[in-house]
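Structure first, then comments.
Order of listing sets the numbers, starting from 1, for every ligand and every atom in it.
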Amino acid sequence: MTLIIAIDGPAASGKGTLARRIAVHFGLPWLDTGLLYRAVARDVMANGGDLEDVAAAAAAARLIVAETLVDPALRGPKAGDAASIVAKIPEVRAALLDYQRAFAAQGGGAVLDGRDIGTVVCPHAAVKIFVTASDEARAKRRFLEHQARGEDVTYDDLLADIRRRDERDRGRSAAPMLAAADALHLDTTELDADQAYEAVMKLIKARVAGG
Ligand code: DC
């Protein structure tokens with residue numbers, strides 16, 4: 001049986017942690033598609049290019065390989081912000097689509113998380129989840145993560161970053177962040193990581209059992 005699970009939602013909604021745990025549960029490979037956009041932005045900047053330069057960003061997107069996604073520098077808020085700028089470019093999205101679809105087509109299936117997995121990348125996924133949380137809850141999560149790593153960021157800056165990114169990701173014309181019509185919704189505002197995982201597993205099991 002092939003099981004493709006699409007997890008979409010805004011930054012810091014908890015979708016990455018959920019996707020990783022779901023993948024472990026089902027023994028499936030997991031792709032954090034945000035890393036692809038983060039790596040494109042990194043490579044454009046490393047080449048001295050401008051993030052809005054369509055040709056430079058599309059060229060970087062065509063050269064993305066799995067090995068370069070394992071890079072701690074891709075994790076921070078600056079990398080996320082830069083990623084959402086290149087993610088507006090249709091040529092970048094088109095270049096990354098093949099990579100994502102090939103990943104999803106592996107035997108047995110896969111778990112992918114991002115913004116447009118249920119709508120564009122895997123519209124036929126058996127299970128689609130759209131994860132949300134309030135802006136404040138998401139900023140607080142990010143703040144605690146950065147604080148634990150001893151990084152110097154403020155809650156207000158993170159809240160502003162999250163709102164700016166949401167607006168860009170929702171407002172773009174190419175594959176905007178959007179829940180698929182058949183997505184199951186999960187609001188994690190009031191849930192810790194374990195509660196969110198239990199809730200999402202309930203949704204998935206009900207969807208898989210229901211066919
Ligand atoms: O999930 P993330 O925060 O790592 O994503 C970084 C940015 O990449 C996000 O703000 C928008 C873009 N992105 C996208 O446009 N489509 C995806 N499937 C995943 C990420």
Side-chain angles (χ1 to χ4, degrees), residues 4-20 22-23 29-45 51-52 54 57-58 60-61 64 66 68-104 110-123 125 128-133 135 137-139 141-143 145-146 153 157-180 183 186 188:
I4 295 177
I5 302 179
I7 318 273
D8 289 302
S13 56
K15 67 183 187 316
T17 306
L18 288 173
R20 179 172 47 76
I22 293 164
W30 163 46
L31 179 63
D32 169 357
T33 65
L35 281 180
L36 299 171
Y37 294 90
R38 288 168 182 256
V40 170
R42 171 199 60 196
D43 295 349
V44 169
M45 290 188 288
L51 294 171
E52 309 262 3
V54 173
I64 287 297
T68 70
L69 301 177
V70 194
D71 175 359
L74 294 180
R75 298 277 164 197
K78 284 206 178 72
D81 198 56
S84 91
I85 295 174
V86 296
K88 290 187 300 182
I89 302 173
E91 288 84 347
V92 167
R93 307 200 70 84
L96 296 178
L97 198 53
D98 287 348
Y99 185 104
Q100 296 172 83
R101 290 209 172 131
F103 190 93
V111 179
L112 289 87
D113 77 86
R115 303 290 186 292
D116 63 338
I117 308 302
T119 50
V120 175
V121 178
C122 302
K128 300 178 187 177
I129 312 279
F130 197 82
V131 188
T132 53
D135 299 356
R138 292 185 288 132
R141 280 176 202 161
R142 280 286 185 262
F143 179 68
E145 285 168 20
H146 288 292
V153 284
D157 283 349
L158 291 168
L159 182 61
D161 172 67
I162 276 175
R163 288 183 168 153
R164 184 175 59 242
R165 208 129 71 80
D166 281 359
E167 207 174 294
R168 218 186 267 134
D169 294 345
R170 260 195 225 109
R172 68 179 177 229
S173 48
M177 171 169 73
L178 188 71
L186 177 68
T188 66

**OP:** Carefully, step by step, assess Asp116 and Arg93 under the rule salt bridge (charged side-chain N to carboxylate O under 4.0 Å, His left out).
**Re:** CA-CA 10 Å; Asp116 63 338; Arg93 307 200 70 84; 2.9 Å; yes
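Applying the 4.0 Å criterion to heavy atoms of Ala87 picks out, from ligand 1, the atoms 12 (C), 15 (O). Near Ala83, the atoms of ligand 1 lying under 4.0 angstrom from a non-hydrogen atom of the residue are 6 (C), 7 (C), 8 (O). Less than 4.0 angstrom separates some heavy atom of Arg38 from each of these atoms of ligand 1: 2 (P), 3 (O), 4 (O), 6 (C).
Residue-level proximity to ligand 1 for Arg165 is carried by the side chain, the only part with a heavy atom below 4.0 angstrom. With a 4.0 Å heavy-atom cut-off, ligand 1 is reached by the side chain of Arg172 but not by its N, CA, C or O.
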Could you pull out all donor-acceptor pairs under 3.5 Å where a side-chain atom in residues 69-79 meets a protein atom, sequence neighbours excluded?
residue: Asp71; atom: OD1; partner: Ala73; partner atom: N; Å: 2.9
residue: Asp71; atom: OD2; partner: Arg42; partner atom: NH1; Å: 2.8

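Rounded to the nearest 0.5 angstrom, Trp30 CH2 and Leu112 CG are separated by 10.5 Å.
With a 6.0 Å radius and a threshold of 12 heavy atoms from other residues, nucleotides or ligands, Glu167 has its CD atom at or below the threshold.
A search for side-chain hydrogen bond (donor to acceptor under 3.5 Å, both in side chains) contacts involving Arg20 returns nothing, not counting sequence neighbours.
Taking only non-hydrogen atoms, the option from Arg93, Arg168, Arg164 nearest to atom 16 (N) of ligand 1 is Arg93.
Using modelled atom types and a 3.5 Å distance limit, the side chains of Arg141 and Thr188 yield a donor-acceptor pair.
The protein non-hydrogen atom at the shortest distance from atom 17 (C) of ligand 1 is Arg115 N, 3.4 Å.
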